[in-house]
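Here the structure comes first, spelled out in structure tokens, and everything after it is commentary.
Worth knowing before you read on, the calculation uses all heavy atoms, side chains too, and leaves out hydrogens, waters and symmetry mates. Nothing fancy with the numbering, it's 1 onward along the sequence. All values derive from a computational prediction rather than experimental measurement.
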Amino acid sequence: MTLQQEIVGNAMQMAVVNLHPGQTVYCEAGKFLFKTTNVTMETRLSGPSGNGGQSQGGGGGMGGMLRQAMGTAMQVGQRMLAGESLAFQYFTSQGGEGTVGFAGVLPGEMRALELNGTRAWFAEKDAFVAAESTVEFGIAFSGGRTGMSGGEGFILEKFTGHGTVIIAGAGNFIDLNPADFGGRIEVDTGCVVAFEEGIQYGVQRVGGLNRQGLMNAVFGGEGLSLATLEGNGRVILQSLTIESLANALKKAQGGDKQGPTGGLFSTHAG
């Protein structure tokens, strides 16, 4: 069944989820706000199996237990590599309807995405807030060498299955489709929140290694890379990047960490 949820608030939104009896929702550790007393909370290292939260034993006996343990270890290893939380918190309503509240970690918007099993969704690290137990959470890799050199966008969250997944970002959201802009858009790497499967995501250098390219990198504040999004599908961008927020806070504390020349020579020392 579809997750009944309402996103409330303005500058710092939160999601209030109403659970039917026996319905389960899970979140990344640290995104939980409140719950009613009839909602149980359980912390697990394993992610949802996509079958309503029931564990897939993979066969009985020691062999099944070993395969399950190895699967959990691989999930934890992927999340550790991606810098994600190692555990999930699961909430199940018992003996009637229950309510749970979740939020992101930065001032900004939240969005509920509906998965129907035909298209996956990809999101930047830390965008995930909560989802139905019928939605599977995974880690995807995109961008190759350019993704690693760009510093962002190489490791992505991936959501598959059926049901509702709630994501969060910084600032305000805008929804775009590259097909409405000639099939391709280029954005600051930190502005990408999420996109549908079918969108090709990459990272490219800003201009060539010439005078104008170096001017863009040194004085434009973007560094050496931009994200590219191509294809026909939904893309969600955010108006505030974590880097710009961090630089603004550092500047307010007594020093412009951005430096006089912008992105390439920015200093990030605390």
| Heavy-atom closest contact (M110 atom, A168 atom, distance) | CG-CB, 4.0 Å
| field | Sub-4.5 Å side-chain heavy-atom contact between V129 and I167 | value | no
| query | Which ILVMFWY residues can you reach from V8 by hopping between side chains whose heavy atoms are under 4.5 Å apart? | reply | M14, V16, L33, F34
| message | Run the ring pair (Phe, Tyr, Trp, His ring centres under 6.0 Å) test against F159 and tell me which residues pass, sequence neighbours left out. | response | F128, F137
| task | Using atom types as modelled and distance alone, determine if a side-chain donor or acceptor of Q5 lies under 3.5 Å from a backbone N or O of V17. | result | no
| Nearest heavy-atom pair of T189 and E124: which atoms, and what distance? | O-OE2, 4.0 Å
| said: Any non-hydrogen side-chain atom of I139 less than 4.5 Å from a side-chain atom of I155? | reply: yes
| request: Report yes if the distance between the aromatic ring centroids of F91 and F102 is under 6.0 Å, otherwise no. | output: yes
| Check: Q238 side chain, C191 main-chain N or O, donor-acceptor pair, under 3.5 Å | no
| Are the side chain of T134 and the backbone of H162 linked by a donor-acceptor contact shorter than 3.5 Å? | yes
| How close do G233 and P178 get, heavy atom to heavy atom, and via which atoms? | O-CD, 3.5 Å
| query | Side chains of T92 and T24: donor-acceptor distance under 3.5 Å anywhere? | reply | yes
| said: Go through it in stages, so that I can follow the logic: the residues are E42 and Q89, the test is side chain to side chain contact (heavy atoms under 4.5 Å, CB included), and I'd like the CA-CA distance, side-chain angles, deciding distance and then a yes or no. | reply: CA-CA 6 Å; E42 180 184 3; Q89 292 177 300; over 6 Å; no
| note | In short, N232 meets R119 closest at the heavy-atom pair O-NH2, 3.4 Å
| query | So, do Y201 and F122 have ring centers that fall under 6.0 Å from each other? | reply | no
| task | Using ring pair (Phe, Tyr, Trp, His ring centres under 6.0 Å) as the criterion, list what pairs up with F173, not counting sequence neighbours. | result | none
| So do V187 and L226 actually touch side chain to side chain, heavy atoms under 4.5 Å? | no
| task | Measure across R234 and L113 and return the closest heavy-atom pair with its distance rounded to 0.1 Å. | result | NH2-CD2, 4.1 Å
| message | Taking side chain to side chain donor-acceptor pair (under 3.5 Å) as the definition, give me every residue that meets it alongside R184, ordered by chain and number, with sequence neighbours left out. | response | Q204, E230
| query | Excluding sequence neighbours, so at least two apart, what forms side chain to side chain donor-acceptor pair (under 3.5 Å) with T40? | reply | none
| request: Supply the atom-to-atom distance D126 CG to K31 NZ, rounded to the nearest 0.5 angstrom. | output: 6.0 Å
| said: Rounded to the nearest 0.5 Å, what separates atom CG in N18 from atom CG in L3? | reply: 8.5 Å
| said: Taking the side chain as everything from C-beta on, heavy atoms only, tell me whether Q94 gets closer than 4.5 Å to P21. | reply: no
| Trace of the side chain to side chain contact (heavy atoms under 4.5 Å, CB included) decision for F195 with N177 | CA-CA 9 Å; F195 54 92; N177 186 338; over 6 Å; no
| note | In terms of heavy-atom contacts, N38 and S93 come closest through ND2-OG, 3.5 Å
| query | Would you say the side chain of V192 lies within less than 4.5 Å of the side chain of L237, judging by non-hydrogen atoms? | reply | yes
| message | Test of understanding: with side chain to side chain donor-acceptor pair (under 3.5 Å), list the residues that count as partners of D180, not counting sequence neighbours. | response | none
| message | Quick check: do E136 and T160 have side-chain heavy atoms less than 4.5 Å from each other? | response | yes
| said: Quick check: do L115 and W121 have side-chain heavy atoms less than 4.5 Å from each other? | reply: yes
| field | Main-chain N/O of L19 paired with Q23 side-chain donor or acceptor, under 3.5 Å | value | no
| Is a side-chain donor or acceptor of S239 paired with a backbone partner of N172 at a separation under 3.5 angstrom? | yes
| Any donor-acceptor N/O pair, Y90 side chain to C27 backbone, under 3.5 Å | no
| Have E186 and T228 got a donor and an acceptor in their side chains that come within less than 3.5 Å? | no
| task | To the nearest 0.5 angstrom, please state how far the CG atom of L229 sits from the CD1 atom of I185. | result | 5.0 Å
| field | Joint cluster assignment, L106 & M12, ILVMFWY side-chain distance < 4.5 Å | value | no
| field | E97 CD to H20 NE2 distance, which is reported to the nearest 0.5 Å | value | 6.0 Å
| query | Taking C-beta and beyond as the side chain, do V235 and I199 meet within less than 4.5 Å on heavy atoms? | reply | yes
